[in-house]
Amino acid sequence: MAKMQQAGESRGELIAQQKALIPKLKQEQENQVDIVFSYITVILAAFAILLLIDILPGVQEERAPSSL
């Protein structure tokens, strides 16, 4: 009988510990999502810069003959 009571108490303690971990895990997941979005933003910004670098010389070449 005492063993069953101890098992019930230890199970209750484990459940309480798991419930206490839920907010921490949610916060960690949100942090990871924020990091992923930051990486995606940096990659998209890099592509945009590369496109601008690639497009700008063509725009400048088109303007040069018309300005003469």
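If you're wondering where the values come from, they're calculated on a predicted model, not measured in any experiment.
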Check your understanding: Leu44, Val36: one ILVMFWY side-chain cluster at the under-4.5 Å cut-off?
Key -> yes
Check your understanding: Can you tell if the side chain of Leu14 reaches within under 4.5 Å of the side chain of Gln17, non-hydrogen atoms only?
Key -> yes
Check your understanding: Roughly how far, to the nearest 0.5 Å, is the CD1 atom of Ile35 from the CD1 atom of Ile40?
Key -> 12.5 Å
Exercise for review: Working to the nearest 0.5 Å, report the span between CD of Gln29 and CG of Asp34.
Suggested key: 11.0 Å
Check your understanding: Could you give the distance from CD (Glu13) to CD (Gln18), rounded to the nearest 0.5 Å?
Key -> 12.5 Å
